[in-house]
Structures are given as structure tokens and as C-alpha cells.
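In what follows, every heavy atom counts, from backbone to side chain, and hydrogens, waters and symmetry copies are set aside.
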Amino acid sequence: MIEERASDIARGDGRAEANNLDRTGAREHLTGLISASEQSQTVGEPDPDWYTPLGSSDEKAPTVRHEDEENIPEKLIQEDIEEADHDTRGTKK
């Protein structure tokens, strides 16, 4: 029975053959050394809440727009041009 349970554990972990850890787990499972709550956590499907992020309310977050509607990349380019012009004028002295 232990070998059969160990093989089940190994297959569940994606391995073809059981190892000593699988046999130990099988022995604990079959002799009742693991509590029922621990068994239910290790065997079966995860809780439905497993897939829901904490704090998620399934509501769409509001869209946040920039305070003013000006074109930010254009503004940055203009600032760089002005800075380069200022630097150029400062070196011609």
C-alpha cells in the first residue's frame, strides 16, 4: 500500500518512479501521522480563491487622465530645444 501511494505521489509530481520522500509521505498519509486538514491542502484542487488576487473586487479601475491635455512628448522636446539653445548661447561668450 505504501509503494502504491508513493507511486501516486510521484506521478502527481510528474515523476515516473517514487523516491524516498514519496515513500515517507505515503507512510505518513496511510498511518495517519498527517492531520486531515494537511491532507486536504496537499491533495486535490486549489481553493477557488487561489486564482483571485487579494484585494480584488472584480470592478474595473477608473481611468486616470493627465491634468492638462497638452502633448507631453512635444513639451519635453521643446524643453530640450530651449535648454540646448541656452547652453549654446552660454558657450559663445
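Taking both residues in full, the closest heavy atoms of Ala6 and Ala26 are given as N-CB, 3.5 Å, listed atom of the first, atom of the second, then distance.
Residues satisfying the side-chain contact (heavy atoms from CB on, under 4.5 Å) test with Arg11, not counting sequence neighbours, are Ser7, Asp8. Judged as a side chain to side chain donor-acceptor pair (under 3.5 Å), and not counting sequence neighbours, Glu4 has no contacts.
Lys75 is listed as a side-chain neighbour of Glu79, based on a closest heavy-atom distance under 4.5 Å.
Only one option out of Glu3, Glu17, Glu28 pairs with Arg23 in a salt bridge (charged side-chain N to carboxylate O under 4.0 Å, His left out); it is Glu3.
The distance from atom CZ of Arg5 to atom CG of Leu30, rounded to the nearest 0.5 Å, is 7.0 Å. The OG1 atom of Thr24 sits 14.5 Å away from the NE2 atom of His29 when rounded to the nearest 0.5 Å. Of the inter-residue distances, the one linking Asn19 atom CG with Asp13 atom CG reads 8.5 Å to the nearest 0.5 angstrom.
In this structure, Arg15 pairs ionically with Asp22, as a charged nitrogen and a carboxylate oxygen lie closer than 4.0 Å.
Annotation for Glu82: atom CD counts as buried by contact number, over 12 foreign heavy atoms lying within 6.0 Å.
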